[in-house]
Amino acid sequence: KSGEVANQAMTWPLHDAAVSAAVMGHDAKELLQGGLTAGSSLRDRVQRTVRKVLRALRITRPGEERCKVLTQHYGAGVDFALAWTAFFIQQLWFMVPFALLWTWIGARNWHQTDKRWIWELMKVVVVVWAFLLALQSTWRFPRRMTSRMRTPSSRRRSGRSDAISKAYIAKETWCHWCKRYAELLFLAVPCLLALLGLVITIMSGMTMLVLHIIYTWGDCIHLHSEDKPCRDAEVKFSILGWAAEVSCDIVLALLFEAFFSCSKGICEWVAGLLNVKYASDQAL
């Protein structure tokens, strides 16, 4: 049964009480190891309590024994997911002092004031933290990632045999290969770049339109003051200014839907020209 789960289940069944009890049992076993139960002195009790608190807060990582058991019973993919989740929770604790500082200085109230640059600077700190998190995750788990990628691509995501892509050509002639790559390089890639340029142009245009509505039509460039900030057209035109800004958001949402449809078609075209074997790889 465990082998069947290892081959098919690629998500951890947290709702299963037996699985949760087994994992918590491993946690308890790890907490009782290391000679901490050898004595009942005050130092031993304090050490046990500290280890329990650190494990409950997920500051300490799970032991290798538990990771090995999870790999044997649920597969390498589940072990990787749990290990990365524990690592992610550890990194979240670094943001706790930052969040407390954010709340203590009242940075949220600076969003519509002249101190907005501090607000933006603190957002940059969050982006840098996320970048470092992603960077660390690439070298913290090289073994698990390597073993994960050694799994055949036809079974990597679902654990089951994958279907062959309808556009896959097992044996193609040299002329067909040249035609396929010529179409990819001279038609598909330029269309993709053109779509990207169109998206950038329209997004820039929508940004300029919103700025025009707020600062030119809404006259915020003259109405703004330190005592009475003006950052939307609603200050001058009331409900009409609000409707103008909301209309821009609606138009932008419709444009995004159009972009998604166009990009989906182009990506399917490119994936077909790459001649991938499995349907899951083509969808990816």
Side-chain angles (χ1 to χ4, degrees), residues 12 14 20 23-24 26-28 30-31 34 36 42-43 45-64 66-67 79-145 200 203-204 206-208 210-211 213-215 218 220-235 241-242 245-246 248-249 252-253 256:
W12 192 41
L14 289 173
S20 300
V23 174
M24 293 183 67
H26 279 288
D27 277 342
E30 291 177 18
L31 293 173
L36 296 181
L42 177 61
R43 179 182 177 183
R45 292 197 299 270
V46 169
Q47 287 180 339
R48 282 196 296 270
T49 303
V50 170
R51 290 195 65 183
K52 290 178 181 179
V53 171
L54 293 178
R55 174 52 60 84
L57 296 177
R58 294 299 184 263
I59 295 178
T60 58
R61 293 186 296 174
E64 289 295 329
R66 193 181 72 166
C67 294
D79 171 40
F80 172 78
L82 288 175
W84 192 91
T85 303
F87 164 72
F88 179 69
I89 295 175
Q90 280 184 317
Q91 301 305 308
L92 284 177
W93 280 107
F94 287 103
M95 296 301 294
V96 171
F98 181 77
L100 293 176
L101 176 64
W102 179 291
T103 305
W104 179 64
I105 65 178
R108 189 173 184 178
N109 299 325
W110 297 342
H111 179 55
Q112 299 290 339
T113 64
D114 292 334
K115 294 182 179 181
R116 185 187 175 96
W117 66 272
I118 303 179
W119 163 278
E120 299 295 340
L121 181 62
M122 299 188 80
K123 289 199 297 186
V124 170
V125 174
V126 177
V127 173
V128 172
W129 169 83
F131 173 76
L132 294 176
L133 171 67
L135 190 64
Q136 287 186 72
S137 64
T138 59
W139 60 263
R140 285 243 182 174
F141 306 99
R143 177 181 60 82
R144 292 188 175 93
M145 293 177 68
I200 294 174
M203 291 294 295
S204 301
M206 290 299 298
T207 302
M208 296 301 172
V210 172
L211 291 175
I213 290 175
I214 295 175
Y215 292 101
C220 276
I221 195 170
H222 298 112
L223 296 177
H224 179 78
S225 64
E226 186 174 351
D227 299 331
K228 188 178 179 181
C230 177
R231 288 189 172 86
D232 54 64
E234 188 178 355
V235 175
W242 173 84
E245 294 185 29
V246 171
C248 292
D249 295 336
L252 191 59
F256 271 125

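The residues of the chain are indexed from 1 along the displayed sequence. Keep in mind that the numbers below use all heavy atoms, side chains included, and drop hydrogens, waters and symmetry copies.
One finds the CG atom of Leu101 at 7.0 Å from the CZ atom of Phe98 (value rounded to the nearest 0.5 Å). His222 contributes atom NE2, which lies 13.0 Å from atom OH of Tyr215 (distance to the nearest 0.5 angstrom). Rounded to the nearest 0.5 angstrom, Phe256 CZ and Leu252 CG are separated by 4.5 Å. Interatomic distance, Leu211 CG to Met206 CE, rounded to the nearest 0.5 Å: 11.0 Å.
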For this session: Any chance you could lay out the side chain to side chain contact (heavy atoms under 4.5 Å, CB included) test for Trp104 and Leu100, step after step, and finish with the verdict?
Result: CA-CA 6 Å; Trp104 179 64; Leu100 293 176; over 6 Å; no

For this session: In sequence, state the C-alpha distance, the side-chain angles, and the governing distance for Leu133 and Met95, and then conclude on side chain to side chain contact (heavy atoms under 4.5 Å, CB included).
Result: CA-CA 11 Å; Leu133 171 67; Met95 296 301 294; over 6 Å; no

For this session: Determine, step by step, whether Trp129 and Leu92 satisfy the side chain to side chain contact (heavy atoms under 4.5 Å, CB included) criterion, reporting the C-alpha distance in whole Å, the side-chain angles of both residues, the deciding distance to 0.1 Å, and the verdict.
Result: CA-CA 9 Å; Trp129 169 83; Leu92 284 177; 3.6 Å; yes

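Residues Cys230 and His224 come closest through the heavy atom pair N-ND1, 3.0 Å. The heavy-atom pair separating Gly218 from Ala233 by the smallest distance is CA-CB, 4.1 Å. Closest of all the heavy-atom pairs between Asp232 and Glu245 is CB-OE2, 2.9 Å.
Shown here are the ring-ring contact (aromatic ring centres under 6.0 Å, His included) partners of Phe88, two or more places apart in sequence or in another chain: Trp84.
Heavy-atom neighbours of Ile221 CD1 from other residues, nucleotides or ligands within 6.0 Å: at or below the threshold of 12.
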